[in-house]
Amino acid sequence: MVIRFALAKGRVAKKAIELLIDLGYIFEDYSEKSRKLIFTDTTGTIEFFLVKSPDVPTYVEKGAADIGIVGKDVLLEHPAQVYEMLNLNIGKCKMCVAGFENHPIPYGKKMVVGTKYPVIAKDYFHTKNQLVDIIKINGSVELAPLIGLADCIVDIVESGSTLKENGLSVLAEICEISSRLIVNQVSLKTKREMIDPIIKAFENQL
Ligand SMILES: Nc1ncnc2c1ncn2[C@@H]1O[C@H](COP(=O)(O)OP(=O)(O)OP(=O)(O)O)[C@@H](O)[C@H]1O
Ligand SMILES: O=P(O)(O)OC[C@H]1O[C@H](OP(=O)(O)OP(=O)(O)O)[C@H](O)[C@@H]1O
């Protein structure tokens with residue numbers, strides 16, 4: 001029986017593969033430059049494939065992967081019927097409202113929000129009873145307030161340097177973000193004897 005991992009491409013996958021290697025798994029055919037899609041460890045018990053982060057919950061929910069490693073931002077933006085088993089404490093950052101410091105949130109008036117995370121933004125401003133028009137943007141979100149497209153943004157902040165270099169500030173923190181280990185709800189029952197030790201091993205690494 002093989003345990004299949006779906007890993008979010010980019011910084012998360014890099015850290016997740018390091019964690020798997022630290023657990024003693026060897027992936028002879030893996031390299032960052034490889035165009036292969038599926039990598040199997042030398043014992044043939046673990047496979048992983050790299051996917052766009054928003055797709056990780058889908059692969060795990062549908063059972064195409066038993067385990068996924070993905071950012072909490074993705075799980076909040078793309079809710080899925082999966083078990084969130086571990087906070088891996090990697091890929092740490094914050095989901096924030098950001099904009100011009102002298103342009104605070106006009107509570108009571110409608111506000112235009114630019115974001116890569118419309119679900120997270122809608123939920124947050126709903127809890128604040130703040131009327132918003134949300135504009136979905138897929139990258140370089142900080143541009144929105146700079147060119148008058150939006151009053152503020154909801155985006156990830158890690159070091160804060162992107163905001164700082166563009167004259168923007170954090171106006172409110174929404175939540176802490178880090179990578180999570182998620183498991184398919186059927187796999188956790190049918191492949192328990194293989195999945196439990198893997199989760200334990202990850203837990204001991206933290
Ligand atoms: N500064 C950051 N920007 C975006 N994501 C971050 C950052 N720091 C940590 N993360 C976490 O890393 C995860 C992956 O980020 P993202 O999807 O942007 O991929 P990436 O590593 O930036 O590579 P790429 O953007 O080329 O796909 C995010 O879901 C988030 O949980
Ligand atoms: O606080 P910092 O350390 O500056 O990091 C935050 C930046 O990192 C991400 O951008 P990234 O380039 O990863 O992806 P993007 O394509 O979504 O802009 C995020 O969208 C912010 O722009």
Side-chain angles (χ1 to χ4, degrees), residues 5-21 30-37 39 48-61 65 67-80 82-101 112-124 134-147 149-183 202 205-206:
F5 277 76
L7 302 180
K9 262 185 194 158
R11 71 194 82 194
V12 169
K14 203 164 167 336
K15 288 267 177 62
I17 294 164
E18 282 165 16
L19 276 174
L20 283 169
I21 292 168
Y30 173 71
S31 83
E32 285 191 33
K33 293 192 175 49
S34 169
R35 296 293 296 166
K36 261 179 74 111
L37 294 172
F39 300 95
F48 74 83
F49 44 86
L50 305 174
V51 296
K52 272 272 170 221
S53 37
D55 292 340
V56 172
T58 306
Y59 282 93
V60 176
E61 183 179 53
I67 298 177
I69 293 181
V70 69
K72 182 67 180 176
D73 50 309
V74 174
L75 296 173
L76 291 170
E77 188 63 25
H78 306 272
V82 296
Y83 291 133
E84 185 178 316
M85 304 296 287
L86 269 186
N87 174 351
L88 295 172
N89 275 326
I90 56 174
K92 294 175 89 166
C93 52
K94 288 192 168 95
M95 188 62 69
C96 298
V97 181
F100 293 109
E101 214 150 17
V112 181
V113 180
T115 186
K116 188 173 162 183
Y117 304 97
V119 169
I120 294 174
K122 184 164 172 277
D123 290 350
Y124 173 73
I134 290 173
I135 301 176
K136 172 78 172 9
I137 307 171
N138 293 306
S140 307
V141 179
E142 295 78 2
L143 211 47
L146 303 182
I147 57 173
L149 176 65
D151 298 304
C152 69
I153 60 173
V154 167
D155 197 20
I156 277 175
V157 177
E158 190 180 359
S159 67
S161 53
T162 307
L163 289 180
K164 193 159 182 283
E165 286 180 36
N166 290 286
L168 301 172
S169 312
V170 172
L171 301 179
E173 275 190 24
I174 298 176
C175 62
E176 306 268 332
I177 298 290
S178 60
S179 299
R180 306 301 161 98
L181 186 143
I182 59 174
V183 179
F202 269 108
Q205 287 278 22
L206 300 182

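When a residue number appears, it is its place in the shown sequence, counting from 1. Indexing begins at 1, ligand by ligand and atom by atom, following the structure's order.
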Is [atom] less than 4.0 angstrom from some protein heavy atom?
atom                    : result
atom 9 (C) of ligand 2  : no
atom 24 (P) of ligand 1 : no
atom 3 (O) of ligand 2  : yes
atom 20 (P) of ligand 1 : yes

Quiz item: Mind checking whether Val170 and Leu163 have side chains closer than 4.5 Å, heavy atoms only?
Solution: yes
Just to confirm my output: which protein heavy-atom neighbour is closest to [atom], and how far is it?
atom                    : result
atom 13 (C) of ligand 1 : Val12 CG2, 3.5 Å
atom 18 (O) of ligand 1 : Lys116 NZ, 4.0 Å
atom 16 (O) of ligand 2 : Gly139 CA, 4.1 Å
atom 11 (C) of ligand 1 : Gly91 O, 3.9 Å
atom 7 (C) of ligand 2  : Thr162 OG1, 3.8 Å
atom 27 (O) of ligand 1 : Lys52 NZ, 3.8 Å
atom 31 (O) of ligand 1 : Asp73 OD1, 2.6 Å
atom 8 (N) of ligand 1  : Glu158 OE1, 3.2 Å
atom 5 (N) of ligand 1  : Ile156 CD1, 3.7 Å

Exercise. Could you check Arg11, Lys94, Lys92 and say which one makes a side-chain hydrogen bond (donor to acceptor under 3.5 Å, both in side chains) with Glu158?
Key: Arg11
Quiz item: Counting heavy atoms only, which part of Ser140 comes closer than 4.0 Å to ligand 2: side chain, backbone, both or neither?
Solution: backbone
Exercise. Using a 4.0 Å heavy-atom cut-off, say whether Leu163 meets ligand 2 through its side chain, its backbone, both or neither.
Key: neither
Please could you name the atoms of ligand 1 that [X] approaches to less than 4.0 Å, counting only its heavy atoms?
X     : value
Cys93 : 8 (N), 9 (C), 10 (N)
Ser53 : 17 (O)
Gly71 : 31 (O)
Gly10 : 21 (O), 23 (O)

Closest heavy-atom contact between [X] and [Y]?
X      : Y      : answer
Ile177 : Met95  : CG1-N, 3.8 Å
Phe100 : Pro145 : CE1-O, 3.4 Å
Ala144 : Gly114 : CB-CA, 4.5 Å

Practice problem: With heavy atoms only and a cut-off of under 4.0 Å, state how Ile177 meets ligand 1: side chain, backbone, both or neither. | Solution: side chain
Quiz item: For ligand 1, is any non-hydrogen atom under 4.0 Å from Arg11's backbone (N, CA, C, O), its side chain (CB onward), both, or neither?
Solution: both
Counting from 1, what ligand 2 atoms have a heavy atom of [X] closer than 4.0 Å?
X      : value
Arg11  : 13 (O)
Ser159 : 1 (O), 2 (P), 3 (O), 4 (O)
Val157 : 1 (O)
Ile156 : 6 (C), 19 (C), 21 (C)
Gly160 : 1 (O), 2 (P), 3 (O)

Exercise. Give a yes or no on whether Leu37 atom CG has more than 12 heavy-atom contacts from other residues, nucleotides or ligands under 6.0 Å away.
Key: no
Quiz item: Any chance CD of Glu18 has more than 12 other-residue heavy atoms, nucleotides or ligands included, within less than 6.0 Å?
Solution: yes
So, the side chain of [X] versus the backbone of [Y]: is there a donor-acceptor pair under 3.5 Å, distance only?
X      : Y      : answer
Asp55  : Val51  : no
Glu173 : Cys96  : no
Asp151 : Val112 : yes
Glu77  : Ile120 : yes

Practice problem: Check step by step if side chain to side chain contact (heavy atoms under 4.5 Å, CB included) holds for Glu32 and Lys14. | Solution: CA-CA 9 Å; Glu32 285 191 33; Lys14 203 164 167 336; 3.5 Å; yes
Quiz prompt | Close approach, Asp155 and ligand 2, non-hydrogen under 4.0 angstrom | solution = yes
Side chains of [X] and [Y]: do they bring a donor and an acceptor to under 3.5 Å?
X      : Y      : answer
Ser178 : Asn87  : yes
Asp73  : Tyr117 : yes
Lys136 : Asn138 : yes

Quiz prompt | Identified side chain to side chain contact (heavy atoms under 4.5 Å, CB included) counterpart of Leu88 within the set Val70, Leu181, Val12 | solution = Leu181
Self-check item: Nearest candidate to atom 21 (C) of ligand 2, where distance is taken over non-hydrogen atoms, out of Lys164, Lys94, Glu142
Solution: Glu142
Quiz item: Under 3.5 Å, N or O to N or O, is Lys116 touching ligand 2 that way?
Solution: yes
Exercise. Fit a plane to each ring of Phe39 and Tyr30, take the angle between them on a 0 to 90° scale, and name the class: parallel (under 30°), tilted (30 to 60°) or perpendicular (over 60°).
Key: perpendicular
